[in-house]
Q: 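Have a look at the structure that comes next, please.
Order of listing sets the numbers, starting from 1, for every ligand and every atom in it. The figures that follow rest on heavy atoms only: side chains count, while hydrogens, waters and symmetry mates do not.
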Amino acid sequence: FSQKVVTRSADTLTDEERQHHERYMQMAIDLIDGGPPFGAVIVDHESGEVMCKGRNRGSSNRIYHGEMDAMINCGDEHPQLDWSRLTLYTTGEPCPMCMSAIIWNRIPRVVYATSIRKLTNIGLNQINLDTSTVAGAASFYSGEIISGILKDSTDKMFEDWMASR
Ligand SMILES: Nc1nc2[nH]cnc2c(=O)[nH]1
């Protein structure tokens with residue numbers, strides 16, 4: 001038996017690891033421009049390079065979640081992309097649609113800030129299956145899921161956005 005999906009929360013990381021992830025999460029937060037506060041950046045974790053970005057474009061098509069937008073941009077912008085080197089950072093925990101797309105692309109690491117549980121609690125429509133449940137249902141996938149990076153600021157951002165709608 002090997003642990004095929006490893007989950008870690010921000011408070012179990014070393015300061016160095018946490019600061020590393022916070023830097024990229026801040027870039028995902030910085031993508032938000034007044035629309036739904038879902039931003040995503042995809043990083044080559046071997047080179048440190050940001051490969052592509054995305055934000056929620058649900059006003060044109062509801063399947064354009066931030067993570068979907070980022071993955072579509074990645075494929076379009078880098079036809080020879082090695083997906084096994086990538087980490088996806090997202091302000092909100094990937095929904096089952098996005099997590100499935102992450103699994104199909106074999107992206108081995110996901111880092112999120114605000115949880116699906118929190119998004120549900122503040123009144124956002126969510127499909128209530130968390131990332132580790134979706135990942136655990138895919139026998140062919142193994143990866144790491146890191147939760148809660150910069151969540152204090154993103155939890156507040158989602159609350160403020162919900163209050164303003
Ligand atoms: N993670 C995530 N959850 C969502 N729920 C509704 N839209 C989104 C999105 O763009 N990203």
Q: Please check if M157 and Y24 belong to a single hydrophobic cluster, counting links between Ile, Leu, Val, Met, Phe, Trp and Tyr side chain heavy atoms closer than 4.5 Å.
A: yes
Q: Among all the protein's non-hydrogen atoms, which is closest to atom 1 (N) of ligand 1, and how far away is it?
A: E67 OE2, 2.6 Å
Q: For ligand 1, is there an N or O atom under 3.5 Å from any N or O atom of N125?
A: no
Q: Among all protein heavy atoms, pick out the one at the shortest distance from atom 6 (C) of ligand 1; state its residue, atom name and that distance to 0.1 Å.
A: H65 NE2, 3.4 Å
Q: Check whether any N or O atom of T90, backbone or side chain, sits under 3.5 Å from an N or O atom of ligand 1, and answer yes or no.
A: no
Q: May I ask you to establish whether R165 and W161 are in a cation-pi arrangement, using a distance under 6.0 Å from NZ or CZ to the six-membered ring centre and at most 45° from the ring axis?
A: yes
Q: Is the contact between E93 and ligand 1 made by the side chain, the backbone, both, or neither, using heavy atoms and a 4.0 Å cut-off?
A: backbone
Q: More than 12 foreign heavy atoms under 6.0 Å from CG of N125: is that the case here?
A: no
Q: Is there any N or O on G92 that sits under 3.5 Å from an N or O of ligand 1?
A: yes
Q: In plain terms, say whether E93 and R117 are close enough for a salt bridge, that is, a side-chain N and a carboxylate O under 4.0 Å apart.
A: no
Q: For M68, is the nearest heavy atom under 4.0 Å from an atom of ligand 1?
A: no
Q: Among all protein heavy atoms, pick out the one at the shortest distance from atom 5 (N) of ligand 1; state its residue, atom name and that distance to 0.1 Å.
A: Q126 NE2, 3.1 Å
Q: Which atoms of ligand 1 are found less than 4.0 Å from any heavy atom of N56?
A: 7 (N), 8 (C), 9 (C), 10 (O)
Q: Non-hydrogen atoms of G66 versus ligand 1: any pair closer than 4.0 Å?
A: yes
Q: Side chains of Q126 and T120 only: does a donor on one sit below 3.5 Å from an acceptor on the other?
A: no
Q: Are the charged groups of K118 and E159 less than 4.0 angstrom apart, N to O?
A: yes
Q: When F38 is tested against each of L124, T114, L31 for side-chain contact (heavy atoms from CB on, under 4.5 Å), which residue passes?
A: L124
Q: Name the closest protein heavy atom to atom 3 (N) of ligand 1, giving the residue it belongs to and the distance to 0.1 Å.
A: F38 CE2, 3.2 Å
Q: Side-chain heavy atoms under 4.5 angstrom apart, residues restricted to Ile, Leu, Val, Met, Phe, Trp, Tyr: same cluster for V5 and W83?
A: yes
